[in-house]
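Okay, structure first, notes after.
Given the structure is predicted, the values throughout are model-derived calculations rather than measurements. Both ligands and their constituent atoms are indexed starting at 1 by order of listing. One is the number of the first residue; the rest follow in order along the sequence.
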Amino acid sequence: MRILITGGAGFIGSHLCERLLGMGHGVVVLDNLSTGSMDNLEPVKDNQNFEMVIGSVRDNALVQELVERCDAVIHLAAAVGVKLILEKPSLSIHTNVNGTENILHAAANGNKLVIIASTSEVYGKAVKVPFREDDDLVLGATANLRWSYAVAKMLDESLALSYAYEKRLRCIIVRLFNTTGPRQTGYYGMVLPNFVSQALKGDPITVHGTGDQSRCFGHVYDAVESLTRLLNAPNAIGQVFNVGNDEEVTIYGLAERIKERTGSSSEIIKKPYNEVYGFGFEDMQRRVPCVDKLEEFIGYRPRTPLDQIIDDVIEEQRAAAVSKA
Ligand code: UDP
């Protein structure tokens, strides 16, 4: 197959490119390099089955042309990360809604299979864990712009499912839970690479709030495995899937584990949310996926243990520090 990966220069996208090329597929990447980078594509850039297009998913004519040339689309391009969403909320909404609309429109016209990346953020403040795909979604007030990301992604999901219903679009929606691993940068606020970098530098490890809030971290390789299997799972068409690991850890507990595994002498400090994100920020207390449906459809679920994920990120950051020195 020839597969279009939007956002293919990003953290998840670049790992996915490597994997699909390794499986013998052709890959076309569309990325505007806003948060992605050509460095991520270093391992594949000379592969003859790889093509890079620098451009935006908001460029409708370009999207139509690229989708036409491919057999399937994996749409990862989006504005992501709480920090970026809060800094540029309207641009994030435009990208996350209009970009997806362009992709869906082109895929429906050309009868192409499309995987749409959504997010665990759509579960919002729901308190019944683990989260199942058919659960209610509970968001906060619009005045808190954090929720704009979930609103945009929910609209993407609804639009995809509408196209599936009205135009027989073959689409699969994945709600990615906290995904981490090598190449993820802490710059956009993502906690795990951030803590590792603080620990390796001996800087304070900054836990937001009490640190009692919890998350489940999945290895990017496991997310990629899930996506490639879904691409070949005709029974998954028209379905929504949680993609994540269900090993839960509090953020304070994560800081302690990273401190221990790096052998760091960093102090762990707590920072009130208001100091980090401004007044009125809301966080979710627990976020745990139910991954049964994914396993039922593809015979696989993300299982890499958190300690292994942490060690992979430590190894990458140590190697990067050595090559810089
Ligand atoms: N967080 C933290 N310190 C950081 C970055 C994040 O304590 O330097 C917290 C953040 O407030 C949230 C959790 O870690 O409770 C996960 O944050 P992230 O932005 O990685 O993902 P989210 O789950 O919020 O999308």
Would you say Asp283 has any N or O atom under 3.5 Å from an N or O of ligand 1, going by distance alone?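 Yes, there is a polar N/O contact under 3.5 Å.
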
Less than 3.5 Å between some nitrogen or oxygen of Val207 and one of ligand 1, yes or no?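 Between Val207 and ligand 1, no N or O pair is found under 3.5 Å apart.
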
Where does Lys83 meet ligand 1, judged by heavy-atom distances below 4.0 Å: at the side chain, the backbone, both, or neither?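 It is neither part, as no heavy atom is under 4.0 Å.
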
Applying a heavy-atom cut-off of 4.0 Å, say which part of Thr206 lies close to ligand 1: side chain, backbone, both or neither.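 Both backbone and side chain.
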
To the nearest 0.1 Å, how far is [atom] from its closest protein heavy atom, and which atom is that?
{"atom": "atom 25 (O) of ligand 1", "answer": "Arg287 NH1, 3.6 Å"}
{"atom": "atom 21 (O) of ligand 1", "answer": "Asn178 ND2, 3.3 Å"}
{"atom": "atom 23 (O) of ligand 1", "answer": "Arg215 NE, 2.6 Å"}

Going by atom types only, do Arg58 and Asn102 share a side-chain donor-acceptor pair under 3.5 Å? no

Aromatic contact between Tyr277 and His208, with the criterion being ring centroids under 6.0 Å apart: yes or no?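 Ring centroids of Tyr277 and His208 are less than 6.0 Å from each other.
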
Looking at Phe50, is Lys45 sitting on its ring face, NZ or CZ under 6.0 Å from the six-membered ring centre and within 45 degrees of the normal?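 The answer is no; the distance or angle limit is not met.
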
Answer yes or no for Arg175 and Tyr123: cation-pi contact, defined as NZ/CZ to six-membered ring centre under 6.0 Å and angle to ring axis within 45°. yes

Could a heavy atom of Lys271 be found less than 4.0 Å from some atom of ligand 1?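 No heavy atom of Lys271 comes that close to ligand 1.
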
Below 4.0 angstrom, N of the basic side chain to O of the carboxylate: do Asp246 and Arg301 qualify? yes

Hey, are Arg286 and Glu248 close enough for a salt bridge, meaning a charged N less than 4.0 Å from a carboxylate O? yes

Heavy-atom proximity to atom 10 (C) of ligand 1, picking from Met284, His208, Gln285, points to His208

Just say parallel, tilted or perpendicular for the rings of Phe11 and His15, cut-offs at 30° and 60°.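 Aromatic pair Phe11/His15 classed perpendicular.
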
